[in-house]
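The block underneath contains the structure these notes are about, expressed in structure tokens.
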Amino acid sequence: MSSVVELAASKESHEEGNNERLGMLNMDPTVANNLSLSADTLLKAAIALKDQVVEVTWKEGGGSCAGSGMDPTVNTGLLGTAFTCLRSYEVTGNQQDLLLSAKIVDTCASVARASTRHVTFLCGRGGVYSLGAVVANYMGDRQRLNFFLNQFLEVAQERALPVGPEEGGFGMSYDLLYGRAGFLWAALFLNKHLGKETVPSDVLMPIIDAILAGGRTGASDHPACPLMYRWHGTRYWGAANGLAGILHVLLHFPLSENDAEDVKGTLRYMMSNRFPHSGNYPSSEGNPRDKLVQWSHGATSMAITLAKASQVYPSEREFRDAAIEAGEVVWKNGLVKKVGLADGVAGNAYAFLSLYRLTGETIYEERAKAFASFLYHNARKLVNVGHACGADHAYSLFQGLAGTACLWFDLLEPQNSKFPGFEL
């Protein structure tokens, strides 16, 4: 199967079609309220959709028989189903969801051991082992927990993780999907659920230093921006392979004053280079096409990253203002024609939930519910419309309906919502 990034990040001309809009929701909050679903309706819909995801990806998809062609990732594969089951368990307390999540993780682990290419949460062994450890902790299974933790700490010894600057596509990249930031996110996920220093700071700080060193090297010919990275030769700005994803991860760690200034300076550079008429963000450095408003590219991920920056640096009002402005871009852009987290309506709804947690203003909760209501009525019809990946990913977490199920679960407690695999 093709990777989401190979399809969603490498061909921007193709992406333009993916972001075609279906229409605009009226900005009047009373209209958004009228579109909202009751909590009971949302819960039933989320459970039913989660069950359908399990049926298609696990039972019908032959997931219990781990073949060489099985996709074991959170991003587009079976591990995304395990994540969705865990999210369902966290909301409902249904032990069967927890047991199923553990069973799926075991299957993915057997495949992941044979694939050493990636170590991230979304696309590699880091996701299998960190999710496995968290599930085992919920189960109270100390033996399984220690097994997965040890496997994760073995991955942490990968020599390429703390090795310094890399530019031009050689060695390990820095991005969230495939690179060092994606491994750090998996470590943050473990430390959040199992306690600080589960993955020790002395393991993580050299990797953080390597990311910062790589960003400075990448920006050495770009004095206006402190940090810059390339993925396959292109300087992406979005969450999947670019600055928004890398900076979002760095914002979770205690940084020195100089390092923090470089992160803030990079955000300010991005803010100052928005498209003047729309307020949207370029998909990559110097790209003049104002086409994409989604998590992978554009204002969606920037709203979430800037909201995090506002929380970390509350005295820097500019980050809060820019986060709100990016959220307005997402709302005014209307409904895109895909459903997923990576490039669809579900992912865009999470920008509003992030702003709701930042500001406490109910208009953002209402907007998220309006997008969720649209998905309630249209998701199954739209899941394959213009879907480059076809039916293979129609029920996956980042390209398909599993992400919609997670959104519906999160809307039951919007103050605790988190974009899967991106927010903590």
Side-chain angles (χ1 to χ4, degrees), residues 19 21 24-33 35-36 237-239 242-245 247-252 260 263-283 290-336 341 344-372 374 407 410-411 413-419 422-424:
N19 208 58
R21 300 166 195 169
M24 197 83 85
L25 287 174
N26 191 309
M27 292 186 65
D28 185 339
T30 60
V31 174
N33 268 331
L35 289 170
S36 294
W237 281 31
L243 283 167
L247 296 175
H248 190 264
V249 170
L250 291 175
L251 285 164
H252 288 78
V263 168
K264 290 189 284 186
T266 303
L267 287 171
R268 292 187 184 110
Y269 170 79
M270 299 173 78
M271 290 155 53
S272 68
N273 283 275
R274 287 172 284 184
F275 291 114
H277 298 295
S278 69
N280 192 27
Y281 288 78
S283 60
D290 183 5
K291 297 289 184 180
L292 303 175
V293 179
Q294 55 191 49
W295 176 82
S296 295
H297 305 283
T300 303
S301 58
M302 283 303 294
I304 298 171
T305 296
L306 288 163
K308 179 62 180 178
S310 179
Q311 293 166 347
V312 175
Y313 308 114
S315 64
E316 310 270 0
R317 181 75 188 193
E318 61 190 311
F319 296 134
R320 179 186 176 95
D321 292 344
I324 290 170
E325 289 167 11
E328 291 302 309
V329 173
V330 178
W331 181 251
K332 291 176 181 177
N333 186 67
L335 295 158
V336 296
L341 295 175
V345 178
N348 285 358
Y350 273 102
F352 305 133
L353 289 174
S354 187
L355 290 171
Y356 172 67
R357 297 194 314 274
L358 176 68
T359 67
E361 295 179 11
T362 57
I363 187 173
Y364 298 115
E365 180 186 6
E366 291 159 359
R367 288 177 175 181
K369 287 181 176 179
F371 274 34
F374 172 81
L407 172 65
D410 272 332
L411 276 167
E413 294 184 353
Q415 69 279 8
N416 297 322
S417 61
K418 304 293 179 189
F419 191 116
F422 190 50
E423 294 182 291
L424 287 155

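The residues of the chain are indexed from 1 along the displayed sequence.
Put simply, the side chain of L353 reaches to within 4.5 Å of the side chain of L411, judged on heavy atoms. Within the 4.5 Å cutoff, no side-chain heavy atoms of V336 are placed close to those of V293. Side-chain atoms of E423 and R357, non-hydrogen and from C-beta on, do get closer than 4.5 Å to each other. Looking only at side-chain heavy atoms (C-beta outward), R320 and L358 come within less than 4.5 Å of each other. Counting only heavy atoms from C-beta outward, the side chains of L243 and Y281 never approach each other to under 4.5 Å. The closest side-chain heavy-atom distance from E325 to E328 is not below 4.5 Å. With contacts defined as side-chain heavy-atom distances shorter than 4.5 Å, the pair L424/H252 qualifies. Within the 4.5 Å cutoff, the side chain of H248 has no heavy atoms near those of the M302 side chain.
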*Checking side chain to side chain contact (heavy atoms under 4.5 Å, CB included) for the pair F422/V249: CA distance, chi angles, key distance, verdict?*
CA-CA 8 Å; F422 190 50; V249 170; over 6 Å; no
*Does the side chain to side chain contact (heavy atoms under 4.5 Å, CB included) test come out yes or no for V330 and R367, once each step is laid out?*
CA-CA 10 Å; V330 178; R367 288 177 175 181; over 6 Å; no
*So M270 and W237, side chain to side chain contact (heavy atoms under 4.5 Å, CB included) or not? Walk me through it.*
CA-CA 8 Å; M270 299 173 78; W237 281 31; 3.7 Å; yes
*Give the intermediate values and the outcome of salt bridge (charged side-chain N to carboxylate O under 4.0 Å, His left out) for residues K418 and E413.*
CA-CA 10 Å; K418 304 293 179 189; E413 294 184 353; over 6 Å; no
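G347 approaches T300 most closely through the heavy-atom pair O-CG2, 3.6 Å. Residues R274 and G279 approach most closely at CD-O, 3.5 Å, considering heavy atoms. What you find for F319 and S310 is that their closest heavy atoms are CB-N, 4.0 Å. The two residues A368 and A349 make their nearest non-hydrogen contact at CB-O, 3.8 Å.
Residues meeting the side chain to side chain contact (heavy atoms under 4.5 Å, CB included) test with A303, sequence neighbours left out: A326, A351. Remark: E361 pairs with T359, I363, Y364 by the side chain to side chain contact (heavy atoms under 4.5 Å, CB included) rule, at least two apart or across chains.
Geometric assessment of K264 against the ring of Y313 yields a positive cation-pi assignment under the 6.0 Å and 45° thresholds.
N280 contributes a side-chain N or O that, together with a main-chain N or O of A299, makes up a donor-acceptor pair within less than 3.5 Å.
Using cut-offs of 30° and 60° on the angle between ring planes, the pair F419 and Y350 is tilted.
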